[in-house]
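Okay, so here's the structure we're looking at.
Quantities reported herein were computed from a predicted structural model and do not represent experimental measurements. Naming convention: chains lettered A, B, ... in sequence-line order (proteins, then strands); numbering from 1 in each chain.
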Amino acid sequence: MKARVHIRFKEGVLDPQGKAIGHALASLGFTGLGEVRQGKLIELELAETDREKAREQVEKMCEQLLANPVIENYDIELV
Amino acid sequence: MKAAVVIFPGTNREHDVCAALKRASGQQPAIVWHRDTELPAADLIVLPGGFAYGDYLRCGAMAAHSPIMREVKARAAKGVPVLGICNGFQVLTEAGMLPGALLRNKTLSFICRDVHLRVENSQTIFTCGYAAGQAIRVPVAHGEGNYTADAATLDRLEGEGRVAFRYCGAAGELTDEDNVNGSARCIAGVFNETRTVLGLMPHPENSTDPLLGCTDGQGLFDGLVSALQ
């Protein structure tokens with residue numbers, strides 16, 4: 001089974017990279033652009049075949065290493 | 001004062017901090033490799049600057065789970081002082097030994113220059129070599145030093161005297177311009193609850209050699225020696 005972990009900054013946490021991307025898009029002529037936020041995508045291959053157990057395992061991975069709960073939220077998608 | 005300096009793959013400021021520690025204490029610190037599981041007897045543990053594990057995933061994230069960090073945490077829990085400088089500060093926040101996190105600088109650029117720091121609390125083993133309110137000049141060299149924490153945590157840190165240093169102007173004034181990396185409330189360094197763990201982004205160890213034109217960082221190491229000897 002594959003898991004995709006989407007990691008993004010929590011609301012309220014400044015994202016200077018997202019801001020810079022927004023400025024660059026504006027300078028390319030794209031208009032009507034609101035806030036831009038940049039995140040991370042991590043793909044994991046899992047031996048586990050039980051979806052519930054897999055989700056549990058990936059949640060632990062997120063809590064312990066993949067995300068920093070002080071500044072980041074995460075979503076887990078099982079594929 | 002005997003110090004143990006922990007190095008991870010990618011640490012690069014260990015010689016600088018060893019020189020500063022030796023200048024202050026007269027003793028050569030012990031070097032400990034991240035894969036080691038035991039620390040030698042030490043009065044102080046130092047996590048120096050650098051780019052541990054290439055800053056992969058997040059600065060300090062991998063290093064925080066190194067085998068030696070279990071021992072560092074255990075010693076810190078027993079009250080052994082721990083000093084994390086720059087990348088060492090990032091490791092301490094990732095390891096949950098200090099609150100908050102370090103984000104990308106507001107300018108998005110790596111900043112390598114001298115800054116001024118205001119000493120916020122001089123009643124600790126790390127800062128007793130300074131006077132509260134004193135402004136000192138030390139260099140910074142980081143891309144991710146933008147300190148952040150939620151408002152409640154920041155209030156608690158301020159209320160409990162756990163802000164060690166703030167970025168400031170030459171006379172100690174706080175301005176947006178002097179807050180070089182955009183840190184919340186200009187915070188450059190924080191203590192844990194017992195003030196036995198200090199993390200800071202600037203490099204006091206690089207402001208200890210008279211040849212380099214400024215020795216304002218020496219007070220931190222002299223203070224530690226006088227407090228711990």
*If you take all heavy atoms of B:Arg58 and A:Asn68, which pair is closest and at what distance?*
NE-CB, 3.4 Å

_Nearest non-hydrogen partners of A:Ile71 and B:Thr148, listed with the distance_ = CG2-CG2, 3.5 Å

Checking heavy atoms, do the side chain of [X], its backbone, both or neither come under 4.5 Å from chain B?
X: A:Leu65; result: both
X: A:Ile42; result: side chain
X: A:Lys10; result: neither

*Residue by residue, scan residues 89-108 of chain B and write down, ordered by number, those that have a heavy-atom distance under 4.5 Å to chain A; if none do, write 'none'.*
B:Glu94, B:Gly100, B:Ala101, B:Leu103, B:Arg104, B:Asn105, B:Lys106, B:Leu108

Neighbour count above 12 (heavy atom, 6.0 Å) for [X] [atom1]:
X: B:Glu193; atom1: CD; result: no
X: B:His15; atom1: NE2; result: no
X: A:Glu43; atom1: CD; result: yes
X: B:Phe110; atom1: CZ; result: yes

_Those residues that, when tested against A:Ser27, pass side chain to side chain donor-acceptor pair (under 3.5 Å) (two or more places apart)_ = none

